[in-house]
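The structure appears below as structure tokens.
Throughout, a chain's letter reflects where its sequence line sits, starting with A, and its residues are numbered from 1.
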Protein chains: 2
Amino acid sequence: MVKITDVARHAGVSPSTVSYALSGKRPISEDTRQRIEASIRELGYRPHAGARALASSRSNVLALVIPFRTGIHVPVVMQFAVSVVTSARQHDHDVLLLTQEEGEEGLRRVADTALVDALIVMDVQLRDARLPLLRTLDRPSVLIGFPAEAAGLTCIDLDFAAAGGACVTHLAELGHRCVALVGSPPAVYLRQTGFAQRVTQGFTAAADERGLTSTVHPCEATPAAAQAMAERLLREHPELTGVVVHNEPVVQPLIEAFRRLGLRVPEDLSVVAICPDELAEQAPTPISSVAVPSAEVGTRAVELLMRKLDRLDVPEATLLPPRLTRRATTAPRGG
Amino acid sequence: MVKITDVARHAGVSPSTVSYALSGKRPISEDTRQRIEASIRELGYRPHAGARALASSRSNVLALVIPFRTGIHVPVVMQFAVSVVTSARQHDHDVLLLTQEEGEEGLRRVADTALVDALIVMDVQLRDARLPLLRTLDRPSVLIGFPAEAAGLTCIDLDFAAAGGACVTHLAELGHRCVALVGSPPAVYLRQTGFAQRVTQGFTAAADERGLTSTVHPCEATPAAAQAMAERLLREHPELTGVVVHNEPVVQPLIEAFRRLGLRVPEDLSVVAICPDELAEQAPTPISSVAVPSAEVGTRAVELLMRKLDRLDVPEATLLPPRLTRRATTAPRGG
DNA sequence: ATGAAAGCGCTAACAA
DNA sequence: TTGTTAGCGCTTTCAT
């Protein structure tokens, strides 16, 4: 194995000079830098990660804790993870993958062993058992999602309340007067995941504000549940002309169910989803939607973390404003 | 920060004794072990990962390289990743996530800096540019998938050829005489990903062997493509009564397309998929299928890697035998 | 602008 | 069964 002393000898300088040339933490004469770089290339030198971590107390590794349970749309998690890895690399960091299963002990372990410098925690619950731990940990963290009590923590997410509201506004502007929200599976509400409730709040508040009739319906993430939901909505709310869906796997089945029941989308019924743009675009009838910007959230989370590692100030809360794209599933009421 | 010398002092032993108590690499008297454990708990000691890696030249971290491109079913990748993380933890290892994008340089980086002890590479192509590198790297690796030339490498995957064959056999035993394979998107074949071609080979070979008429059709992973495919199959192959689908996003849309075209599934047309059991089970009509056992592949890959790290022998090739479960989409020909 | 040298916290020979 | 000690390869003060 080639080490820094080998490079130093080869370049005719001291090890510390090589180190400084690498880190840029002190000025190096152009000539010296050239020689060092040449030696590094020639010898194929790679600094030993462990030695570096030990000497500098920086591992240049971030932990990413991903969820893995019902009601979570897998592609969203995956896209998020990929964007975290990609952004982290741009900041010269790597990403260690942890599952929710590891729990608090897992977080403590990677933080206390100095395996990672900082943590990104996905799928934060309203009252998340990990919050007290994250507050006391000596390493910075960023949460995806907003717990009930976020003081002292750094959180980022799509502004789901505004997203729910934007959907209603869109429908209202198209003249719709009676709307329904088809939401996440009941389990998601039960475990108090903030985003599901926030959508509901934003949806209901916007509907009330504009004097629309509105109802909210959690829904299992299966085609069968979508079919049942469509039937029920038409039965119980004959006036219904606008539907907001916040449940990825159900968006397409729901539209198909409505069509099977004889409704034209968007002529008789407008549907707007809160889902990844990709899903909305690829549907047979492209779906009007508010984007769930996983990639952007990932990138921003990493940037926040980097600022924290540099001891710069960061906002406690970052709410990404919703972006609604009208596609082919919404139309003015009455055709 | 509590360090090993603190624990040693507190327990009245030497640092090496603490180290050995932790690693189990030499016998420790019951009494001493007790005291050490008590001290560790009392002081909240956690060994520093970097220091450990430096002293032992073992980081206890595995690299997992995941693919991220068209034609790859995201939930399969995700489930695989989760199972790798879970299994790795059972062997006291963590997992560093790398994307395919990082390419060979990424592999070299994490290996040469000793950031990881070993690597798992997903989505290996028939002629994969990373193979020569993996062969020369000083760290063990396991590939998911089989390249054209696998000598000197350790590979594992579902036996996709046998899977294709098992589907045909199932249909043949039900009396079907004319079958079609709806496969992965053309892009997957073009980039020479082994599994797509292996399914085709196994499918065709089994059909020929049993004297069935068979055709093969790559298919884009969209509902629209599924619809077009269904129409085309019925038009071009009126005798068709059995379909094998190896393209997750298309399975359900294809069944629906056939039904829209007036065919009953399974009475008029049997459909068997190669896909995760989860997908097959959750369909409105549970789908007969050969399981793509991502979780098992992940677990097995980690076990292979652990054996290699322990310098034990491992087979170069591990082909998991297909497991076909008959559900509600296959039936004897002619009802 | 550069060098010398003292650690960083741990493991594993070597010694007893 | 346990202790002593020399590194592991790097960063970073302190000097010059």
Side-chain angles (χ1 to χ4, degrees), chain A residues 1-37 39-40 43-61 92 109-117 138 309, chain B residues 1-37 39-40 43-61 92 109-117 138 309:
Chain A
M1 185 201 190
V2 183
K3 39 198 172 191
I4 201 168
T5 51
D6 299 327
V7 176
R9 194 176 326 111
H10 188 273
V13 297
S14 77
S16 61
T17 302
V18 177
S19 176
Y20 283 118
L22 246 24
S23 69
K25 287 189 183 171
R26 82 181 184 189
I28 304 285
S29 73
E30 189 49 30
D31 173 57
T32 308
R33 147 166 290 117
Q34 298 283 334
R35 286 208 321 286
I36 292 176
E37 277 169 10
S39 299
I40 288 178
L43 302 179
Y45 169 67
R46 300 276 191 170
H48 187 287
R52 240 181 186 183
L54 178 56
S56 67
S57 34
R58 279 297 200 99
S59 66
N60 275 35
V61 175
D92 193 31
R109 181 175 60 81
V110 297
D112 288 355
T113 59
L115 225 195
V116 306
D117 295 334
D138 56 335
L309 283 171
Chain B
M1 187 202 191
V2 183
K3 39 197 173 191
I4 201 168
T5 50
D6 298 326
V7 176
R9 195 177 324 112
H10 189 273
V13 296
S14 77
S16 63
T17 302
V18 177
S19 176
Y20 285 118
L22 246 25
S23 68
K25 287 188 182 173
R26 83 180 183 190
I28 303 285
S29 74
E30 188 49 29
D31 172 58
T32 308
R33 148 166 290 116
Q34 297 285 333
R35 287 210 319 285
I36 292 176
E37 277 169 10
S39 298
I40 288 178
L43 302 179
Y45 168 68
R46 300 277 192 171
H48 187 286
R52 243 183 183 179
L54 178 57
S56 67
S57 36
R58 280 298 200 99
S59 67
N60 275 34
V61 175
D92 194 31
R109 182 176 58 81
V110 296
D112 288 354
T113 59
L115 225 196
V116 306
D117 295 335
D138 56 334
L309 284 171

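Protein atom CD of A:Gln34 is 15 Å distant from nucleotide atom P of C:dA1, rounded to whole Å. The nearest whole Å value for the distance from the CZ atom in A:Arg35 to the C1' atom in C:dT2 is 11 Å.
No salt bridge links A:Lys3 with A:Asp6; every basic N to acidic carboxylate O contact stays at or beyond 4.0 Å.
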Side chain to side chain contact (heavy atoms under 4.5 Å, CB included) assessment of B:Val61 paired with A:Val61: CA-CA 12 Å; B:Val61 175; A:Val61 175; over 6 Å; no
CA sep, side-chain torsions, deciding dist, call: A:Leu22, A:Arg52, side chain to side chain contact (heavy atoms under 4.5 Å, CB included): CA-CA 12 Å; A:Leu22 246 24; A:Arg52 240 181 186 183; 4.3 Å; yes
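Residue contacts shown for A:Thr32 are limited to sugar-phosphate atoms, with no base heavy atom under 4.0 Å away.
A donor and an acceptor atom sit less than 3.5 Å apart, one in the side chain of A:Arg26 and one in the base of C:dT2.
One distance of note links NE2 of A:His48 with CG of B:Leu115; it measures 9.0 Å at 0.5 Å rounding.
What you find for B:Ile4 and B:Pro15 is that their closest heavy atoms are CD1-O, 3.6 Å.
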Nucleotides 7-12 of chain C: protein proximity per nucleotide (B base, S sugar-phosphate only, - neither; heavy atom, under 4.0 Å): BBBBSB
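The backbone N or O of B:Asp92 lies less than 3.5 Å from a partner atom in the side chain of B:Asn60, making a donor-acceptor pair.
An OP1 or OP2 oxygen of C:dT2 is reached within less than 4.0 angstrom by a side-chain nitrogen or oxygen of A:Ser29.
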